[in-house]
Number of protein chains: 2
Amino acid sequence: MLASERRNRLLELVRVKRFASLPELIEELQVSESTVRRDLEHLEQQGSARRIHGGVLYAGTSPKLPHFDEQEPGAWAKKRAIARRAAALVEDGDTILLDGGSTTYELARLLVGRPIHVVTTSLPVANLFAADPASDLILVGGNICPRSGVAQGPLAGAMIASLRVRKTIFSVAGINDEGFFNNNLLLVETERAMMRAADEVVVVADSSKLGRRSLTHLCGLDEVQHLVVDDGIPQAWQEKIAAAGVALVVAPSANDPEA
Amino acid sequence: MLASERRNRLLELVRVKRFASLPELIEELQVSESTVRRDLEHLEQQGSARRIHGGVLYAGTSPKLPHFDEQEPGAWAKKRAIARRAAALVEDGDTILLDGGSTTYELARLLVGRPIHVVTTSLPVANLFAADPASDLILVGGNICPRSGVAQGPLAGAMIASLRVRKTIFSVAGINDEGFFNNNLLLVETERAMMRAADEVVVVADSSKLGRRSLTHLCGLDEVQHLVVDDGIPQAWQEKIAAAGVALVVAPSANDPEA
DNA sequence: CGGAATGTGATTGAATTCAGTCGTTATATG
DNA sequence: CATATAACGACTGAATTCAATCACATTCCG
C-alpha cells in the first residue's frame with residue numbers, strides 16, 4: 001500500500017471515529033507504531049488532525065468547510081503556540097472581535113469556555129462558540145466567502161461599524177516596513193472596519209510573514225497595539241516592531257502541553 | 001463550590017470543547033487531579049463522557065448545537081414532506097430568506113446545490129450552504145441564540161431591513177384565526193423584518209400547529225402568500241386558509257423517496 | 001553499479017498518565 | 001459532643017505513551 005493512500009485511510013478513520021487511539025490504528029492499518037506516529041505527525045502539520053496524549057482527534061468539524069490545509073511543515077505548531085500567547089492577552093469579560101484566519105481559529109478554540117463576549121465574521125469560529133453558554137456570541141453578517149466561510153462586503157462593514165469592542169484580533173498575510181498586508185481586498189476592508197471598532201488591535205502572524213508583502217496594504221505598523229509572533233522572528237525585526245510602538249509578544253514554539 | 005455544580009461545569013466544559021485534557025480541567029476548575037478523575041469517573045458511568053488516555057471526550061452525538069434532535073419520528077417525516085413541497089416553490093435564481101426552524105433546515109438541505117441566493121439568520125443553515133459553490137450565501141448577523149443558533153436582536157433586524165428578497169420562508173409555532181404565532185419575542189421581531197424585506201412570504205408548518213396559539217402574535221393570516229402544510233390539515237382549515245387569500249400547498253406524507 | 005533519499009520497523013529511556021491508598025477536612029446524625 | 005460518612009487532596013508504583021535513534025529495505029537517479 002502506498003504511503004499517501006494509507007494516510008488518506010488514516011484520516012478517514014479518524015474522521016468517522018472522531019477519536020482513535022494508537023493501538024486501534026495500528027490494528028486497522030497493519031503497520032508499525034512508528035509509522036502510525038509519523039503519519040499522524042504529517043496529518044497534524046497539515047492541520048487535518050489533532051494529536052493528543054493517547055491518540056488523535058479529528059480537527060475539522062464533520063462535513064464543514066475545507067479545513068485549513070497547511071503545506072509548510074511546522075506552520076501548524078507555530079500557529080498553536082501563537083494562539084496560546086494571544087489567548088493570554090484576552091481577559092475574562094472582554095469583548096473581542098475575531099476574523100477567520102487559521103491562527104485566529106486556533107485562538108478561538110482556546111477561548112471556548114471562557115466568560116467573554118465574542119464578535120466574529122467567521123462561520124467556523126462562530127460554530128465553536130455557538131453552543132458555549134459561558135460566552136456571548138455576536139455574528140457579523142454579510143456575504144460569505146465560500147472558500148473561507150468569512151463574512152465580507154458592505155453589509156459586514158456596516159454591522160462592524162455599529163459595534164464597539166475591547167480588542168480586535170486578526171491575522172495578516174504580510175508584514176514589512178510599510179505595515180501590514182493581506183491578500184484580499186474585501187478582507188482588508190473588513191479588517192479596517194474591525195480596527196476602527198476596537199480599543200486595541202492585536203495582530204497574530206507567524207514569523208514567515210515578516211518582510212513579506214501581499215496584495216493589499218492594510219495599515220501602518222504603528223496602528224497596531226500588539227503583535228504576537230513565533231520565536232522565529234529575527235532580532236532586527238524585533239527592534240523594528242518595538243520602534244513602531246507595537247507591544248511584541250514572542251511565542252516559544254517549544255513545549256506544547258495542550259492547554 | 002458544590003460537587004454537583006462542579007460536575008455540571010465539568011460536563012459543560014467537555015461538551016463545548018469536545019475534548020479536554022486533565023491539566024486543562026484542573027486549571028479551570030481549581031481542584032486537585034484526584035477530584036477531577038473522580039468526577040470524570042462519574043460522568044463516564046453516567047454515559048455523558050468518554051475517558052481516554054490523556055483526557056476526556058464528550059460522548060454526546062452533537063459537538064455543536066443541539067442539532068435538531070428528532071423529536072418524534074413521525075413529525076420528522078412530516079417536516080421532510082413539507083420541505084419537499086416548499087423546495088418546489090423556490091425557482092432557480094431566486095433570492096430567498098430562511099430562518100432557523102427545523103422544517104426550514106430540512107428545506108435548506110434540499111436546496112443545497114441549487115443556483116439560488118440564500119439569506120439566512122441561522123448558523124446551521126449557513127453551514128449547509130457555506131461550502132456550496134452553486135449558491136450565494138448572505139448571513140444575517142446579530143446576537144446568536146445559543147439554543148437554536150439563530151441570529152436575533154436589533155443587529156439582525158437592521159441588516160434584514162437593508163435587504164430585499166424574492167421570498168421569505170419561515171416556520172411558526174401556532175396558527176389560528178388571529179393569524180400566525182411564534183414562541184419567542186425576539187424571533188417574532190426578526191421574522192417581521194424578514195416579512196417586510198420580501199416580495200412573498202411562505203410559511204411552513206405541520207398540521208399540528210393549526211388551531212394552536214403561542215406566546216407572540218406574528219401577523220394576520222392575510223399577510224402571508226403561501227402556506228405549506230402536511231396532509232393532516234382538516235377540510236375546515238383548508239377553507240379558512242383559502243378564504244384569507246393564502247395559497248395553500250398540501251404536502252402528501254405518503255411516499256418518502258429520500259431527497 | 002553506487003549512492004542518496006525516503007519509508008519502515010524495532011528499541012530504548014524519558015515523560016506522562018493512571019489507579020489505588022492514605023490522611024485530612026467538612027458535614028450530618030444520633 | 002462523638003461518630004460516621006462522604007468528599008477532597010496528596011502521594012506512590014505501575015502502566016502507557018512519547019520522542020528519538022538506529023538498522024534495514026526500497027526506490028530513484030546519476
Side-chain angles (χ1 to χ4, degrees), chain A residues 1-14 17-59 70-81 84 110 230-232 251-259, chain B residues 1-14 17-59:
Chain A
M1 182 191 314
L2 246 53
S4 64
E5 185 192 338
R6 186 190 56 230
R7 294 216 183 99
N8 285 341
R9 210 145 78 83
L10 182 58
L11 181 57
E12 193 56 25
L13 271 170
V14 174
K17 302 194 62 148
R18 234 178 45 170
F19 168 81
S21 73
L22 224 96
E24 246 176 306
L25 296 172
I26 293 170
E27 168 64 23
E28 181 65 34
L29 299 173
Q30 293 293 319
V31 290
S32 73
E33 176 185 319
S34 301
T35 301
V36 175
R37 277 186 198 286
R38 274 187 286 261
D39 285 350
L40 293 181
E41 218 165 316
H42 251 264
L43 258 47
E44 182 166 47
Q45 284 187 348
Q46 181 191 331
S48 313
R50 228 179 100 211
R51 280 202 314 167
I52 57 178
H53 201 285
V56 229
L57 282 175
Y58 184 63
E70 187 63 53
Q71 290 79 22
E72 192 183 337
W76 201 257
K78 285 182 188 172
K79 289 180 202 298
R80 296 247 293 257
R84 251 198 312 283
L110 296 176
D230 63 273
D231 55 9
S253 61
N255 51 27
D256 194 308
E258 170 58 41
Chain B
M1 183 191 313
L2 246 53
S4 63
E5 183 191 340
R6 185 191 55 232
R7 293 215 183 98
N8 284 341
R9 210 144 77 82
L10 182 58
L11 180 57
E12 197 50 35
L13 270 171
V14 174
K17 300 193 67 131
R18 245 179 30 168
F19 168 81
S21 72
L22 224 94
E24 245 177 307
L25 296 172
I26 293 169
E27 165 63 26
E28 180 65 34
L29 299 174
Q30 292 293 319
V31 291
S32 74
E33 177 185 316
S34 301
T35 302
V36 175
R37 277 186 199 286
R38 275 187 284 259
D39 285 349
L40 293 182
E41 220 166 316
H42 262 261
L43 288 177
E44 184 166 46
Q45 284 183 351
Q46 180 191 328
S48 315
R50 191 175 138 216
R51 280 203 312 167
I52 57 178
H53 196 65
V56 226
L57 281 176
Y58 182 64

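Predicted model, so just to flag it, every value in this text is computed and none were measured. Just so we're on the same page: letters track the sequence lines, and every chain starts at 1. Values below: every heavy atom of this structure, side chains too, minus hydrogens, waters and symmetry copies.
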*Asks:* From CG of B/Asp39 over to P of D/dC8, roughly how many Å is that when rounded to an integer?
*Replies:*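 From B/Asp39 CG to D/dC8 P: 6 Å.
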
*Asks:* Which atom pair, heavy atoms only, marks the closest approach of A/Ile26 to A/Val31?
*Replies:*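 The answer is CG2-O, 3.2 Å.
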
*Asks:* Among A/Gln45, A/Gln46, A/Glu44, exactly one meets side chain to side chain donor-acceptor pair (under 3.5 Å) together with A/Ser48. Which residue is that?
*Replies:*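 Between A/Ser48 and the candidates, side chain to side chain donor-acceptor pair (under 3.5 Å) is satisfied uniquely by A/Gln46.
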
*Asks:* How far does CD1 of B/Ile52 sit from CG of B/Leu40, to the nearest 0.5 angstrom?
*Replies:*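 Reported to 0.5 Å precision, the distance equals 11.0 Å.
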
*Asks:* Just the atom pairs and distances: protein N or O near nucleotides 22-27 of chain D's N or O, under 3.5 Å.
*Replies:*
none

*Asks:* Which heavy atom in B/Arg37 sits nearest to a heavy atom in B/Arg51, and how many Å separate them?
*Replies:*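 Minimum heavy-atom separation between B/Arg37 and B/Arg51: O-NH1, 4.1 Å.
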
*Asks:* Above 12 or not: heavy atoms from other molecules or residues under 6.0 Å from CD of A/Gln30?
*Replies:*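 It does: A/Gln30 CD has more than 12 such atoms within range.
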
*Asks:* I'd like to know if B/Ser34 reaches the base of D/dA10 with its side chain such that a donor and an acceptor end up less than 3.5 angstrom apart.
*Replies:*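 Side chain to base: pair present.
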
*Asks:* What's the spacing between A/Arg18 CZ and B/Phe19 CZ if we round to 0.5 Å?
*Replies:*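 Result: 11.5 Å between the selected atoms.
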
*Asks:* Over how many whole Å does the gap from B/Glu24 atom CD to C/dT17 atom C1' extend?
*Replies:*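 About 15 Å, once rounded to whole Å.
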
*Asks:* Looking at every heavy atom in both A/Ala81 and A/Ala251, which two are closest together, and how far apart are they?
*Replies:*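 That would be O-CB, 3.5 Å.
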
*Asks:* Rounded to whole Å, how long is the line connecting atom CZ of B/Arg50 with atom P of C/dC18?
*Replies:*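 My rounded result for the distance is 14 Å.
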
*Asks:* So, is B/Thr35 close to the D/dG9 phosphate, meaning a side-chain N or O under 4.0 Å from OP1 or OP2?
*Replies:*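 For B/Thr35, the contact criterion (side-chain N or O under 4.0 Å from OP1 or OP2 of D/dG9) is met.
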
*Asks:* Rounded to the nearest angstrom, tell me the gap between atom CD in B/Glu5 and atom P in D/dC8.
*Replies:*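 Whole-Å distance recorded here is 12 Å.
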
*Asks:* Give, for atom CG of B/Leu29 and atom CG of B/Leu13, the distance between the pair rounded to the nearest 0.5 Å.
*Replies:*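 It is 6.0 Å, given to the nearest 0.5 Å.
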
*Asks:* Provide, to the nearest angstrom, the distance between the CD atom belonging to B/Gln30 and the P atom belonging to D/dC8.
*Replies:*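 About 15 Å, once rounded to whole Å.
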
*Asks:* Nearest heavy-atom pair of B/Val14 and B/Leu57: which atoms, and what distance?
*Replies:*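 Closest pair (atom of B/Val14, atom of B/Leu57, distance): CG1-C, 3.9 Å.
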
*Asks:* At 10 degrees resolution, what angle do the end axes of the helix from C/dC1-D/dG30 to C/dG30-D/dC1 form when each is taken over five base pairs?
*Replies:*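 Terminal axis comparison yields 20°.
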
*Asks:* Within the 4.0 Å limit for protein heavy atoms, which parts of nucleotides 12-17 of chain D are touched? Write it as a string from 5' to 3', B for base, S for sugar-phosphate only, - for none.
*Replies:* -----S

*Asks:* Ignoring hydrogens, what is the shortest heavy-atom contact between A/Asp39 and A/Arg6? Give both atom names and the distance.
*Replies:*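 Closest approach of A/Asp39 to A/Arg6: OD2-NE, 2.6 Å.
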
*Asks:* If every non-hydrogen atom of B/Glu33 is compared with every non-hydrogen atom of B/Leu22, which pair is closest and at what distance?
*Replies:*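 B/Glu33 and B/Leu22 have their closest heavy atoms at CG-CD2, 3.3 Å.
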
